[in-house]
Amino acid sequence: MNLLKECTKKEIELIERAGVVIEDREYTKEDLQRCESEITSYIMSHSSKNGDINKLQNQYSNVFRIIVK
């Protein structure tokens, strides 16, 4: 799967904000799992007390759907 072709501009910006560099290439299942893990780590590094984790989980929900499919 090529993430640049599957994701919208907003989704790509979210992925890059999490520290994942997106290239114009076909990603293997392992590559996608690595991306998912890095995004999850980014989300979990935020505070749960003020609701940041829940907000980020909602923002990234479409990204996770694309990566997992």
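Side chains included, hydrogens not; waters and symmetry mates left out as well; all remaining heavy atoms used.
- Looking only at side-chain heavy atoms (C-beta outward), Asp24 and Lys5 come within less than 4.5 Å of each other.
- Screening residues 34-57 for ring pair (Phe, Tyr, Trp, His ring centres under 6.0 Å) gives Tyr42-His46 as the qualifying pairs, with residues at least two apart or on separate chains.
- Of all non-hydrogen atoms in Tyr27 and Val21, the two that sit nearest each other are OH-O, 3.7 Å.
- Interatomic distance, CD1 of Ile15 versus CD1 of Ile22, reported as 4.5 Å (0.5 Å rounding).
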Show me, pair by pair, the donor-acceptor contacts under 3.5 angstrom made by side chains of residues 56-69, not counting sequence neighbours?
from: Asn58; atom 1: ND2; to: Asn54; atom 2: O; distance (Å): 3.3
from: Tyr60; atom 1: OH; to: Leu14; atom 2: O; distance (Å): 2.5
from: Ser61; atom 1: OG; to: Asn58; atom 2: O; distance (Å): 3.0
from: Asn62; atom 1: OD1; to: Arg65; atom 2: NH1; distance (Å): 2.2
from: Lys69; atom 1: NZ; to: Glu6; atom 2: OE1; distance (Å): 3.4

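- Ser41 places a side-chain N or O within 3.5 Å of a backbone atom of Ser37 that can act as its donor or acceptor partner.
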### Task
Please lay out, stage by stage, how Leu4 and Arg25 fare under the test side chain to side chain contact (heavy atoms under 4.5 Å, CB included).
CA-CA 8 Å; Leu4 281 179; Arg25 67 179 178 92; over 6 Å; no
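- Remark: Ser47 OG to Lys55 NZ distance equals 10.0 Å, nearest 0.5 Å.
- Using a distance-only test at 3.5 Å, with no hydrogens or angles considered, a donor-acceptor pair links the side chain of Glu26 to the main chain of Met1.
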